[in-house]
Number of protein chains: 2
Amino acid sequence: MHDHIKALFVKHKIKHTHARLAIVEVLKEAKAPLNYEQIKAKMNLAMDKATFYRNIAMFEASGMIHKFESDDRKWYFELSSTTHAHFICDACHQIKCIEINMDTIEGDVKSIVLKGTCKECKA
Amino acid sequence: MHDHIKALFVKHKIKHTHARLAIVEVLKEAKAPLNYEQIKAKMNLAMDKATFYRNIAMFEASGMIHKFESDDRKWYFELSSTTHAHFICDACHQIKCIEINMDTIEGDVKSIVLKGTCKECKA
DNA sequence: CAAAACAATGCAACTTAGTCGCAAAGGAAA
DNA sequence: TTTCCTTTGCGACTAAGTTGCATTGTTTTG
Ligand SMILES: [Mn+2]
Ligand SMILES: [Mn+2]
Ligand SMILES: [Zn+2]
Ligand SMILES: [Zn+2]
């Protein structure tokens, strides 16, 4: 178990179990947000989806992860970091993390999702 | 039937039926995006949800309307206009149309959804 | 240590927004 | 009227995520 992951659990006051560790290890390595099926495929430990979603809910409540819905009616998860946006391409279905100018936005923004056709697919 | 709505159907090459008219009349009057239940409550004509969603799909394919998912796992619909963003408040659950600086965004953006706590609820 | 208390998990049944197949109804040609 | 195509209603279905409950695992306490 990496120290960094251990620190995450401590920081968010979550007890570490095998299941929780398996989920976070996948999210730690991920280059882009992942959904349940994708995380399940990469986990080194089988667990029931109820366990998965209950732990995900706990992570989210503590602020350790962040989730959003794509247009496939699935939730995508990633470890929390600075607020940034996600661009979901309706052609290649890739999800990219992007930065956005939020200077003029009022309120406390927690998630931003843009949908459309990405630069590569548009060309 | 208002001339403006008739023009919409002509523009998007969609035949007008009673069901289609009833849906668009509600969207025309709406001040913010609405979901199926909300539209159903305001329609002056009962129709099966299959009919509703099939017509919605047709509207969307033609570019006449625009849809996005909120965090309640429901789709919200509005008549197409200039590309703008929607802010969904996790406290009051209101959906507001807002403008965003998209100068630096690459790709062809079709929808932008921000989630968080709105100015009023944050205060 | 043993008993009790609490937390995490697996399983199966459930919920629900949206979908699909199909037959009936409507409307436009012919 | 007959034919052909479109639209609609109905009911069964799909699938991501939820929930209740019994079981297992981990602390706490006597
Ligand atoms: Mn990201
Ligand atoms: Mn809007
Ligand atoms: Zn793309
Ligand atoms: Zn609010």
Side-chain angles (χ1 to χ4, degrees), chain A residues 1 6 9-10 12-27 33-41 43-62 64-78 88 90 93 95 111 113 115, chain B residues 1 9-10 12-25 27 33-41 43-62 64-78 88 90 93 95 111 113 115:
Chain A
M1 176 180 174
K6 194 170 191 173
F9 281 112
V10 172
H12 294 93
K13 291 171 185 157
I14 292 174
K15 284 189 239 175
H16 53 275
T17 66
H18 292 278
R20 286 170 196 167
L21 204 57
I23 297 172
V24 176
E25 272 173 348
V26 173
L27 292 178
L34 301 175
N35 63 32
Y36 165 63
E37 292 251 309
Q38 293 169 325
I39 295 171
K40 181 182 178 183
M43 275 193 296
N44 56 24
L45 169 70
M47 81 187 65
D48 191 79
K49 66 177 174 170
T51 302
F52 175 87
Y53 282 112
R54 276 190 284 236
N55 282 324
I56 282 284
M58 170 176 284
F59 294 162
E60 211 208 345
S62 79
M64 190 167 126
I65 70 164
H66 163 242
K67 79 160 191 245
F68 61 88
E69 290 177 33
S70 179
D71 50 0
D72 53 7
R73 297 186 64 69
K74 290 175 188 167
W75 289 352
Y76 285 76
F77 312 99
E78 71 180 347
I88 304 172
D90 52 22
H93 304 288
I95 299 179
S111 112
V113 177
K115 291 174 187 168
Chain B
M1 176 178 175
F9 281 112
V10 172
H12 294 91
K13 292 172 185 153
I14 292 175
K15 285 189 238 175
H16 53 276
T17 66
H18 291 278
R20 286 172 196 166
L21 204 57
I23 297 172
V24 176
E25 272 173 349
L27 292 177
L34 301 175
N35 63 32
Y36 165 63
E37 292 251 306
Q38 294 170 326
I39 295 171
K40 182 182 178 184
M43 275 194 296
N44 55 24
L45 169 69
M47 81 186 65
D48 191 79
K49 67 176 173 169
T51 301
F52 174 87
Y53 282 113
R54 276 189 284 236
N55 282 324
I56 282 284
M58 173 175 282
F59 294 162
E60 211 207 346
S62 78
M64 190 168 124
I65 71 164
H66 163 242
K67 82 160 190 244
F68 61 89
E69 289 178 34
S70 181
D71 51 359
D72 52 6
R73 297 185 65 69
K74 290 174 187 167
W75 290 350
Y76 284 77
F77 312 99
E78 70 178 351
I88 303 171
D90 53 21
H93 304 289
I95 299 180
S111 110
V113 177
K115 290 172 189 169

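A quick note: this is a predicted structure, and the numbers were derived from the prediction, not measured. Naming convention: chains lettered A, B, ... in sequence-line order (proteins, then strands); numbering from 1 in each chain.
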Is a donor-acceptor pair below 3.5 Å formed from side chain A/Arg73 to base D/dG17, judging by atom type as modelled?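 No.
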Quick one: does B/Lys74 reach the base of C/dG18 with a side-chain donor-acceptor pair under 3.5 Å?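 No pair found.
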Check the distance between [N]'s [atom2] and [X]'s [atom1] and give it to me in whole angstrom.
| X | N | atom1 | atom2 | value |
| --- | --- | --- | --- | --- |
| A/Phe68 | D/dA16 | CZ | C1' | 16 Å |
| B/Arg54 | C/dA17 | CZ | P | 18 Å |
| B/Met47 | D/dT6 | CE | P | 20 Å |
| A/Ile14 | D/dT26 | CD1 | P | 18 Å |
| B/Leu34 | C/dA17 | CG | C1' | 16 Å |
| B/Trp75 | C/dT16 | CH2 | C1' | 14 Å |
| A/Leu21 | C/dT9 | CG | C1' | 16 Å |
| A/His16 | C/dA7 | NE2 | P | 17 Å |

Is B/Arg20 reaching over with its side chain to a backbone N or O of B/Asn55, donor-acceptor style, under 3.5 angstrom?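 Looks like no, no N/O pair under 3.5 Å.
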State whether the side chain of B/Gln38 and the backbone N or O of B/Asn35 hold a donor-acceptor pair below 3.5 Å, judged by distance alone.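 Answer holds: yes.
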Measuring from the side chain of [X] (C-beta onward, heavy atoms only), which nucleotide among [options] has the closest atom?
| X | options | value |
| --- | --- | --- |
| B/Met58 | D/dG9, D/dT7, D/dG20 | D/dT7 |
| B/Tyr53 | D/dG17, D/dT7, C/dG18 | C/dG18 |
| A/Thr51 | C/dC20, C/dT19, C/dG10 | C/dG10 |
| B/Ala19 | D/dT7, C/dC11, D/dT8 | D/dT8 |

Verify the contact: side-chain N or O of [X] to OP1 or OP2 of [N], cut-off strictly under 4.0 Å; return yes or no.
| X | N | answer |
| --- | --- | --- |
| B/Arg20 | D/dT7 | yes |
| B/Thr17 | D/dT7 | no |
| A/Asn55 | C/dT9 | yes |

Side chain to side chain, A/His66 and A/Ser111, heavy atoms closer than 4.5 Å: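 Yes, their side chains come closer than 4.5 Å.
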Do A/Arg73 and B/Glu69 come within less than 4.5 Å of each other through their side chains, counting heavy atoms only?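 A side-chain contact under 4.5 Å exists here.
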Take A/Asp72 and B/Asp48, find for each the nucleotide of DNA chain D with the closest heavy atom, and name the residue whose nucleotide sits nearer the 5' end.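 That would be B/Asp48.
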Toward the 5' end of DNA chain D, which comes first, B/Phe52 or B/Lys15, by nearest nucleotide?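 Closer to the 5' end of DNA chain D: B/Lys15.
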Between B/Tyr76 and B/Pro33, what is the shortest heavy-atom contact and its length?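 So the two residues come closest at CD2-O, 3.6 Å.
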How is A/Lys49 classified with respect to the nucleic acid when contacts are heavy atoms under 4.0 Å: base, sugar-phosphate, or nothing?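 Contact class for A/Lys49: base.
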Pick the closest DNA chain C nucleotide for B/Tyr36 and for B/His18 by heavy atoms, then say which residue is nearer the 5' end.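 Nearer the 5' end of the strand: B/Tyr36.
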Could you label the plane-to-plane angle of the A/Phe9 and A/His16 rings as parallel, tilted or perpendicular, counting under 30° as parallel and over 60° as perpendicular?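 Answer is tilted, since the angle falls between 30° and 60°.
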